[in-house]
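Structure record follows, encoded as structure tokens.
All heavy atoms count here, side chains included; hydrogens, waters and symmetry mates do not. All of these numbers come straight from a predicted model, not from anything done at the bench.
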Amino acid sequence: MSSSSPKALGFWMCSALVVGNMIGSGVFMLPASLAPYGWNGVLGWIITIAGGLCLAFVFARLSAALPREGGPYAYTQEAFGRTAGFVVAWAYWISLWVGNAAIATGAVSYLSVLVPAIAKTPGLHALVTLALIWGLIGVNCLGARLAGEVQVVTTVLKLLPLAAVLGLSAWLLGRDGAAAVTAPLDTTQLGGPGLVAASALTLWALLGLESATVPADKVKDPARTIPRATLFGAAFTGVVYLLVCSAVVLLSPPDALKASNAPMAEFIGRFWGSGAAMAVAAFAAISAFGALNGWVLLQGEMPYAMARGGVFPAVLAKSSSRGTPVRAHLVSGLFLTVLVAINYAKSMADLFTFIALLATTASLFTYLACALAALKLQRDGLVPGSRLLTVVAILAGLYAVFTLFGAGREAVMWGLVLLVAGLPVHLLMRRTART
């Protein structure tokens with residue numbers, strides 16, 4: 001987009017982008033993934049929210065000092081050079097389209113409550129998932145403002161079922177007290193590998209706290225708007241997640257929760273009937289739809305920013321007459337399509353858990369690099385120095401390392417494979433730059 005293009009995103013649209021990208025399929029699907037961990041899931045949320053707020057603070061300070069398109073890629077390149085910038089951009093781009101597969105899977109999981117044939121017909125959930133993905137790619141190709149307006153509407157709608165869960169949980173606890181809690185509190189099981197694994201899973205739900213930093217060239221007054229939207233969105237979403245997901249996990253039978261494709265709908269349905277469950281499923285699908293819309297915006301903007309910075313093929317730096325990176329959207333969409341297609345045989349719950357961990361792993365490399373970049377740029381005088389930023393950036397980096405261990409060997413190995421796959425692209429771009 002040229003510098004003369006109008007700035008489409010203000011504070012509320014940026015806040016909706018952050019909240020909408022964070023509150024997507026995670027809050028509706030994670031109760032099933034966290035069910036085996038019981039109270040460790042609650043502790044995992046507390047650790048994740050603390051780590052997420054540290055990361056949000058780092059991104060807020062970086063975006064205030066360097067309000068540039070590309071977000072994490074721009075910060076890392078400024079701090080450590082083009083090669084480091086490429087590695088981070090590649091990792092972040094992978095996390096975007098891989099994560100979109102999980103979000104779309106979450107949306108279709110809840111649609112299967114409304115249309116049971118989606119879950120029962122082999123391969124149908126993959127086809128519906130791809131139709132949803134390409135529909136939203138079309139919306140984003142029509143312009144950032146339309147995508148922003150869709151984001152505001154879906155963000156408001158997705159809060160309604162969460163309010164219903166909180167209301168039901170408060171009523172159950174008020175009626176039955178501690179007897180309403182079905183997850184046993186075994187202090188001997190708290191901490192250890194269960195806590196580390198739960199912390200890695202819960203981070204999936206907070207991915208997106210940096211969303212407002214990526215389309216910085218489309219934001220009004222980015223140096224002021226992006227930091228405010230980032231901190232507000234991360235804090236608001238963290239509180240919602242802690243209350244809602246913990247309530248569903250602790251007040252539901254663990255065995256039933258583990259196998260559920262729509263855990264929140266089933267939680268509501270147990271007490272308020274099938275009609276209420278269907279309504280929650282519809283809103284959950286809208287929630288994931290809204291999150292996917294925001295993430296599709298980013299999966300196009302990221303390679304576009306990389307191409308404009310000279311680390312991706314120049315063909316992806318072209319934008320349409322509407323100022324949207326259509327070519328970058330199409331390339332990201334093709335990778336996303338391949339990922340969904342090769343995993344179509346998995347159940348929706350298993351597919352969601354694996355892809356969520358893979359996307360989280362890819363994001364953690366980015367988060368760690370940005371925490372280190374904040375320290376480097378502060379030392380170089382490009383970011384205003386403060387003892388608070390130093391402490392928080394160190395904590396954010398340690399949190400990223402801690403969560404990488406929790407993601408598990410399989411997800412980390414696949415994440416490293418995908419990172420290494422970017423090296424030929426980087427070598428090709430360096431050779432092109434020399435000729």
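- Within 6.0 Å of CZ in F11 there are more than 12 heavy atoms belonging to other residues, nucleotides or ligands.
- Side chains of W90 and F365 form no contact here, defined as non-hydrogen atoms less than 4.5 Å apart.
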Could you please spell out the steps behind the side-chain contact (heavy atoms from CB on, under 4.5 Å) verdict for L250 and W39?
CA-CA 8 Å; L250 299 181; W39 282 88; 3.7 Å; yes
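- Atoms OG1 and CG, on T129 and N100 in that order, are 12.0 Å from each other to the nearest 0.5 Å.
- The aromatic rings of Y75 and F59 lie tilted to each other, with the angle between the two planes from 30° to 60°.
- The shortest heavy-atom contact between S199 and G44 is OG-CA, 3.7 Å.
- Side-chain contact between K220 and C14 is absent, with no heavy-atom pair separated by less than 4.5 Å.
- One distance of note links CD1 of I226 with CG of D221; it measures 9.5 Å at 0.5 Å rounding.
- Side-chain contact between L203 and L364: present, with at least one pair of heavy atoms (C-beta onward) separated by less than 4.5 Å.
- Pairing each heavy atom of T76 with each of C370, the nearest pair is OG1-SG, 4.1 Å.
- The two atoms that bring G397 and L368 nearest to each other are O-CD1, 3.6 Å, heavy atoms only.
- Looking at heavy atoms from C-beta onward, M264 lies in side-chain contact with L162 at the 4.5 angstrom threshold.
- Within the 3.5 Å criterion, the main-chain N or O of I118 finds no donor-acceptor partner in the side chain of T121.
- Taken to the nearest 0.5 Å, the CD1 atom of I94 stands 5.5 Å off from the CG atom of L419.
- Atom CZ of R327 sits about 12.0 Å away from atom SG of C141, to the nearest 0.5 Å.
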Intermediate values then yes/no, side-chain contact (heavy atoms from CB on, under 4.5 Å), F80 and L372
CA-CA 9 Å; F80 303 116; L372 296 175; 4.0 Å; yes
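- Distance check: L111 CG to L132 CG gives 7.5 Å after rounding to the nearest 0.5 Å.
- Aromatic ring orientation, F86 versus F312: tilted (interplanar angle from 30° to 60°).
- Using a 4.5 Å heavy-atom threshold, the side chains of T324 and S319 count as separate.
- The side chain to side chain contact (heavy atoms under 4.5 Å, CB included) check on L334 picks up W134, with sequence neighbours excluded.
- For the pair A277 and A265, the tightest heavy-atom approach, listed with the atom from each and the gap, is CB-O, 3.3 Å.
- At a threshold of 4.5 Å between non-hydrogen side-chain atoms, the residues Y92 and L96 count as touching.
- For S246 against L242, the heavy-atom pair with the smallest separation is OG-O, 2.7 Å.
- Taken to the nearest 0.5 Å, the CH2 atom of W93 stands 9.0 Å off from the CD atom of Q299.
- In terms of heavy atoms, A371 sits closest to V58 at CA-CG1, 4.3 Å.
- Between F402 and I47, some side-chain heavy-atom pair lies under the 4.5 Å cut-off.
- Residues P325 and E301 form a side-chain contact, since some pair of their non-hydrogen atoms from C-beta on lies under 4.5 Å apart.
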Hey, mind stepping through M302 and S332 against side-chain contact (heavy atoms from CB on, under 4.5 Å) and telling me if it holds?
CA-CA 10 Å; M302 195 67 208; S332 296; over 6 Å; no
Step by step, would you call L209 with L53 a side-chain contact (heavy atoms from CB on, under 4.5 Å)?
CA-CA 9 Å; L209 55 88; L53 289 175; over 6 Å; no
